[in-house]
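Bear in mind the structure is a predicted one, so any value in this text is a computation, not a measurement. Chain letters run A, B, ... following the sequence lines, proteins first and then strands; every chain starts at 1.
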Amino acid sequence: MVENTGISDIVKDENLVYQKTKVLTDKVMHYCPGCGHGTAHRLIAEVIEEMDIQAGTIGVTPVGCAVLMYNYLDIDMQEAAHGRAPAVATAIKRLMPDKYVFTYQGDGDLAAIGTAETIHACNRGENIAVFFINNGIYGMTGGQMAPTTLSGMKSSTSPYGRDVQMMGNPLKMTELVAQLPGTWYVTRQAVHTPASVRKAKKAIRQAFENQKLKKGLSLVEIVSNCNSGWKMSPVEANKWMVENMFPFYPPGDIKLEGKMVGKE
Amino acid sequence: MVENTGISDIVKDENLVYQKTKVLTDKVMHYCPGCGHGTAHRLIAEVIEEMDIQAGTIGVTPVGCAVLMYNYLDIDMQEAAHGRAPAVATAIKRLMPDKYVFTYQGDGDLAAIGTAETIHACNRGENIAVFFINNGIYGMTGGQMAPTTLSGMKSSTSPYGRDVQMMGNPLKMTELVAQLPGTWYVTRQAVHTPASVRKAKKAIRQAFENQKLKKGLSLVEIVSNCNSGWKMSPVEANKWMVENMFPFYPPGDIKLEGKMVGKE
Amino acid sequence: MAKSKGSIIVDKERCKGCEICVLACPTGVISLAREVNSKGYHFAYMENPEACTGCTNCAVVCPDGVITVYRKKVNA
Amino acid sequence: MAKSKGSIIVDKERCKGCEICVLACPTGVISLAREVNSKGYHFAYMENPEACTGCTNCAVVCPDGVITVYRKKVNA
Amino acid sequence: MKELKLMKGNEAIAEAAIRAGADAYFGYPITPQSEILEYLMAEKPHERTGMVVLQAESEIAAINMVYGGAACGRKVITSSSSPGISLKQEGLSYIAGSELPCVVVNVVRGGPGLGTIQPAQSDYFQAVKGGGHGDYRLIVLAPQSVQEMADFVDLGFELAFKYRNPLMILTDGALGQMMEKVWLQEQKPRMKTFPEWATTGKTPDRERNIITSLDLDSAEQEKFNMKIQEKYRKMEAEEVRFETTDTEDAEYLLVAYGTSARICQKSVRLARDKGIKAGLLRPVTLFPFPKKILSELAGKVRGILTVEMSTGQMVEDVRLAVEGKVQVEHYGRMGGIIPSPEDIVDALGKNFLK
Amino acid sequence: MKELKLMKGNEAIAEAAIRAGADAYFGYPITPQSEILEYLMAEKPHERTGMVVLQAESEIAAINMVYGGAACGRKVITSSSSPGISLKQEGLSYIAGSELPCVVVNVVRGGPGLGTIQPAQSDYFQAVKGGGHGDYRLIVLAPQSVQEMADFVDLGFELAFKYRNPLMILTDGALGQMMEKVWLQEQKPRMKTFPEWATTGKTPDRERNIITSLDLDSAEQEKFNMKIQEKYRKMEAEEVRFETTDTEDAEYLLVAYGTSARICQKSVRLARDKGIKAGLLRPVTLFPFPKKILSELAGKVRGILTVEMSTGQMVEDVRLAVEGKVQVEHYGRMGGIIPSPEDIVDALGKNFLK
Amino acid sequence: MTEEIIIAGFGGQGVLSMGKILAYSGIMQDQEVSWMPSYGPEMRGGTANVTVILSDEPISSPIINRFDTAIILNQQSMDKFEGSVKAGGLLLYDGNGITRHPERKDIRVYRVDAAEEAAKMESARIFNMIVLGGFLKVKPLVKIENVRKGIAESLPERHHGLIPLNEKAVLRGMEIVKQVFEPETK
Amino acid sequence: MTEEIIIAGFGGQGVLSMGKILAYSGIMQDQEVSWMPSYGPEMRGGTANVTVILSDEPISSPIINRFDTAIILNQQSMDKFEGSVKAGGLLLYDGNGITRHPERKDIRVYRVDAAEEAAKMESARIFNMIVLGGFLKVKPLVKIENVRKGIAESLPERHHGLIPLNEKAVLRGMEIVKQVFEPETK
Ligand SMILES: Cc1ncc(C[n+]2csc(CCOP(=O)(O)OP(=O)(O)O)c2C)c(N)n1
Ligand SMILES: Cc1ncc(C[n+]2csc(CCOP(=O)(O)OP(=O)(O)O)c2C)c(N)n1
Ligand code: SF4
Ligand code: SF4
Ligand code: SF4
Ligand code: SF4
Ligand code: SF4
Ligand code: SF4
Ligand SMILES: [Mg+2]
Ligand SMILES: [Mg+2]
């Protein structure tokens, strides 16, 4: 496996500064090259390792590209019906309040079919973490329009671009749930650059740590590319994301410790 | 029928200043004495009469105490499944864009089971009117807790008062949908006094008029008593409503012509 | 000065005796009857008919829409 | 002044050639290979190994977590 | 020590759930079963046993909460009535497909659609053939008294866990709303250890547990389908429950479950008073269905009449069991109307004695 | 003039809907049927015919949009695949209970639960017995080719409107995904007048129209139940559709629908090549089910084998029709696996010729 | 012995709890009992009724259309249930608000003016116990000590102070009930 | 005549559209055709395959496990489908990226180095047409004029300018295809 030893005396156990966490299994992820799902999975796994809560964590996977997340994280997981992960996680947390419980959901899952479950878990203030991967599209089923698809953006069910008049507005679910008293921490992140990855990881960690406080739900949105759905190369897709998604879905904290961050 | 003629020369056709609109049928409404549903129905009927749009209006009734509204309004109506009235109305309006289409929904219907349909019809900006009767309880099924039940408020499923920690927060659905770009007019009204009734009627009229603009959805919340569910006399119930519901659900306009009213 | 005098008609069989109109009347015209109608409700009636100005307040708040209002200008 | 020298190991069979790491490396260490792995992907490799500082940027952005990073302090 | 109470069927289910050591109830109000949630809320089971009771935002949320709780190896129960049960069909299919145990109560009302809120038995097909997608079965228990409403909760959990399968208590508005006396069992402690497949947190001593119904590989999915079919065959071999009344010498057999069965008991007596040798077979498990006894009885009687508060659903299972050996007819009432014992005797007469 | 195309079954349904003059499609993506919505969106039917096409927020929203549109007397269609169809069960029961016409397409995949995305026929019970609550029936058409995928849309609307009843096209992932040649009918104009029961706005010349499935009065609800049962009996009398292959002299009868029926056609030939006199009955309408012909054929053959991509569902209807006259066995594959013609001949042999 | 009873009136008259006490009293003397309310959208002022069956043997159908006894507390219930009393059966009613008195000639008719009496006793809440007393006078199905136990069982603990008042009401009902019609015995 | 073909490779190699053109060509000469893709979560870089059947009679099963011809365009597909060619059948493959060459001794094996050729022709998009040409050389199932029609029908109008290039690629494939194994005829 060692292909590029470079300077062979650097590659030594004592010099190791980064390697795949043990909380990720060895299974090759089925995601398209450059898809943000992989990075998001890894960050969650790293946080679980760092907090040493592998035995203390139950994850809930969505229906979406991340449906098979349970193949990659070495923790107990449940696969929820499309959109219902927050309801599933509610039950887990209520029955095992000392566990760390998270859902991992796409934008179709969380903001279309699962709208009611999302809003109500947030509103009840369930002490769980919700990781919300917003790639503006239904990745798994072949790139259909999602609630978060931008105005004018093409998808397989908006082949001429999203016509807001006909198809409705893109939905900022994250801003919406931040309005609810049951959410404690709401933030929007990305994973396309080293800096953004490091910030996103902090946010994920925060969402786990918050569960100890029992003050409500933490939601971390991760704006991500679906290069397949967008029909671009991964690198192009990340660029497009920065130029088009970020203006509408700006990364940054929205609600901290139960309070909205600097209202506009 | 004429019981209290008072001064018999007053009671003459030419002196008639108020009588039940023809758009209401003669059927006695099944509501409990003093229930706001009756008043709300009447106002809608009066607006339809005044706008002369009996043939131009299709209404959608909910599952809730108002399920039988179709017995009282002399217009074409559809009875939707619990919570799905906004989806039903979406189809009607899209197929008959020149008709006036409204839904009439309780708080359980609109803000619990129907959350997704409510949010998405609002977000798509369907050109319909939604009349939302918020009585803080599930009236029809016998007074269970609704999403809008106040903190500490008793109901048959919160017999010791709503415990927010356990049962979640009361949900301000109206404020929430006002955040969505698809809503054009969002207001909260009541029908417990002559003045409030007159204002509520104006709001209802506005919601109908707005449909001509094709600028989005109008939602009129009417805070109302469910004296049966609250286990009070109608008069007590209205008093309790003013003292307890209004502080949390303050009457007033929330969004006018697509813009939030005076942000706090 | 022209004043208004009014009168209301309550459809007593349809009245549910909720008392909302009683509260709404600015001039204290309405009370609930001692008797009940066939549904068992103490129905509303004009206890002080002379006081009625025909302002329609009672009718607009009546949940069951059972009040009809008449008004006439009279010279005071 | 103490400087860092680094080296990365790419698990070439698991690399999907997405090029994200290439963009993320501040010192231009990484390129995609001309050859493909058994999955048909042009995998990443250290084209300029001397330039690697072991900053881990490449590894933290790699969606497939296939990069291992080593770093050693060296005297400049 | 058992305790004697006068209770509604709905209340009996709720109290029985607490006493069975249930870990959680998730539900949404709907007539005629809202008393289950109401009773639980009034009883503060979080204080009595630590049981979690939560009013969900919808039936769909409730059934998916059941999924989440059951996947933790917990005893979880939900209840609803016909329209609400329809909404749970996707969730039920997921629960069956993930092999999770749970108890689901359907207090049936008249349908289709919003229908009436009066008692009916028109959700038999949905319960027994699988209202959700894919090949799966629920174990279905049909109580006929408030006592059984209580008893079947504990039995339900036992069977559900034994087979890792969702179980339905199929009852109706009459049994839910009526009060009868009921002997309640003693409080069982809640479970302290959980099945080894449950998602309770991956400890170093075991592989991680995954609860899913997905298998993208058709061959694997087929294997799974065959595995659960095995389970259903085992239920058919071992779990069939039924009751017979006066079948030894019966010339005409009534077949009925739940409320209808109860009424038929009286019909049997009325018929015998008139000299008609009637008997009754009451399936207690609707799946697995008592095929064998039916097939046996079919060889002995001159006619079979099924009595259902529906247009005729169980009658198909009776016909399938009887395989043409004897004429099978159906008598039903709909829309919330409960047949009287006399009506049933008349129907017997009209079908077989004219 | 008809037009020849090479199309996926899903695309054929979409194009056929436009050409049938459908007024609206409401749906939510799910494999293996997302091409229906995608094709429609690409075709801009709002420009071609004025047809409304809307991607709903969920299957539940979609079926309730269908309700709203159908109640306006419009031709409305929706489609989904197994889990999504489960979510539509409440809505379907409402549509049936309100006597509304519409077409619902189920492109079945392997279940239960999330299952596989490969073709299956395991939603037969759900489609035919009523997956929703209450006594109601869907008319169910089972196409076996891309041509029929197209043809049955128009036929579906015709029958749905004739009976004021929801109709399901029960197909599978294989037929949805495969391309074949298809002759498309000419564009039909959209309706200009609407049924008199529709909510099109109460004009002074008529009473108001109310679309509801509620009747709080049990006696009235029972009358309604009897009325729709009448309708179902009429369908059974008049709308049964089936096809036979080589049944005249058949000693062994295969019974299969849809994809399985198509494969069985080859099996019949293979069997005859081996000297086994096989024939095929293919039900085209699954409800109403071709009972009569089956009962007739049952008297003539030595054995019946049903072939389904399921663990055996239609086999029950076959047994009910046959009433024990002849042995009925089932051969099935599951989880997305399609049986081969040879497998079926083997199964015939194993069951009847050993 | 099986006695099938319908109790019908307005919601709020204590119809359901009267039935419940009757049922509990039956249990206290080891009978089989069933109590089946009409149910529906709870709407104040609507009608309420309950079918109570007391029997020495298991009860088959809890919902029946013909009754041994009808206890009728308003006009609507009179209109609805007068006809469903079995020939030879009993109809007991409170005359308050009754505009059309019972007309059947094949049943025994009794009247107990419980509303009036309750007003005199200054407690509207014991109205239903007065009616119950009237009924038990005519048909002494359950022993008075069992009624006492029934009241105790069916009242929440915190209302046990009211037991004596309730008992008094039952006894009062027994005093004031009066027969208004007796069919000719053929 | 019935020919059952599997075409398998990476997503993006034009596997599906090659199958579609083949199917359309069949239609153009009045054959029955079916085209059945493997489908699933669309994931870039995953494998893609399609079963195409051309026949003079109605096609029963569109999904089959054994094929007259396998056209194989990467190693994974080689591993998966080499075994499913019927004895005496045909396996055609592109050698690019193939690490384990076909080993069956009971089938005819042909090779068409289309990737290399497409690179030479400076158009990666016609890769699949070169393969098609190779196949049609070995099995001339459809006439070349029908292939032309098939290309025209299956390409969107706006790409019709590319028809000549596609045709050229088909012809080129016919030239460069070469047999690498012929089983002994018994
Ligand atoms: C009830 C139901 N409806 C629809 C589907 C089909 N489906 C699977 S994934 C998906 C959407 C995935 O999109 P998203 O949640 O954004 O996740 P992504 O794949 O983009 O990460 C849909 C509609 C399903 N499996 N179940
Ligand atoms: C799917 C479904 N779930 C539940 C019910 C039962 N149900 C009928 S009305 C209602 C709630 C009514 O409350 P609300 O919407 O607030 O209306 P209100 O009666 O207070 O006006 C419920 C839960 C139903 N009919 N259908
Ligand atoms: S389809 Fe999109 S979301 Fe799914 S794996 Fe590929 S890039 Fe990621
Ligand atoms: S129950 Fe409540 S909402 Fe319903 S009619 Fe009575 S007062 Fe009104
Ligand atoms: S408001 Fe109307 S119903 Fe109420 S008491 Fe007055 S007249 Fe009667
Ligand atoms: S019209 Fe005005 S003054 Fe007259 S009774 Fe009504 S409220 Fe009173
Ligand atoms: S980021 Fe990872 S997968 Fe992508 S090219 Fe670099 S090493 Fe390979
Ligand atoms: S560790 Fe830093 S310097 Fe070295 S290759 Fe990675 S990104 Fe470049
Ligand atoms: Mg997405
Ligand atoms: Mg309400």
| query | NZ of Lys266(F) to OG1 of Thr2(H): how many Å apart, nearest 0.5 Å? | reply |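 These two atoms lie 6.5 Å from each other.
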| Distance (rounded to the nearest 0.5 Å) between Leu4(F) CG and Glu153(H) CD |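 Result: 8.0 Å between the selected atoms.
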| said: Minimum heavy-atom separation for Met178(F) and Pro62(H), please, with both atom names. | reply: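 Taking every non-hydrogen atom into account, CE-CB, 3.3 Å.
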| message | Please find the pair of heavy atoms, one from Ser61(H) and one from Ile338(F), that lie closest to each other, and give the distance. | response |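 Minimum heavy-atom contact is OG-CG2, 4.1 Å.
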For [X], look at atom [atom1] and say whether over 12 heavy atoms of other residues, nucleotides or ligands are found less than 6.0 Å away.
X	atom1	value
Lys143(H)	NZ	no
Lys139(H)	NZ	yes
Lys137(H)	NZ	no
Glu122(H)	CD	no
Arg125(H)	CZ	no

| message | Between Arg269(F) and Glu57(H) (salt bridge meaning N to carboxylate O under 4.0 Å), is one present in this structure? | response |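 Judged by the 4.0 Å cut-off on N to carboxylate O distance, Arg269(F) and Glu57(H) do form a salt bridge.
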| request: Would you indicate whether the side-chain heavy atoms of Ser340(F) and Ile64(H) approach each other to under 4.5 Å? | output: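 Not touching, per the 4.5 Å side-chain cut-off.
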| If we only count heavy atoms from C-beta on, is the Ile63(H) to Pro119(F) side-chain gap below 4.5 Å? |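 When only atoms from C-beta onward are counted, Pro119(F) and Ile63(H) do touch, with a gap below 4.5 Å.
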| query | Counting heavy-atom pairs under 4.5 Å to chain H, which of Lys181(F), Gln144(F), Lys5(F), Lys8(F) comes out on top? | reply |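 Highest number of pairs under 4.5 Å: Lys181(F).
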| request: Measure distances from Ile59(H) to the heavy atoms of chain F and classify the residue's part below 4.5 Å as side chain, backbone, both or neither. | output: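 Its backbone and side chain both get close to chain F.
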| field | Which portion of Gln265(F) sits near chain H, non-hydrogen atoms under 4.5 angstrom | value |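 Neither part; nothing is under 4.5 Å.
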| field | Contact class of Leu6(F) relative to chain H, heavy atoms under 4.5 angstrom | value |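 Backbone plus side chain of Leu6(F), per the 4.5 Å heavy-atom cut-off to chain H.
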| Neighbourhood of chain F inside residues 14-35 of chain H, taking heavy atoms under 4.5 Å as contact |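 From residues 14-35 of chain H, the residues near chain F are Lys20(H), Ala23(H), Tyr24(H), Ile27(H), Asp30(H), Gln31(H), Glu32(H), Val33(H), Ser34(H), Trp35(H).
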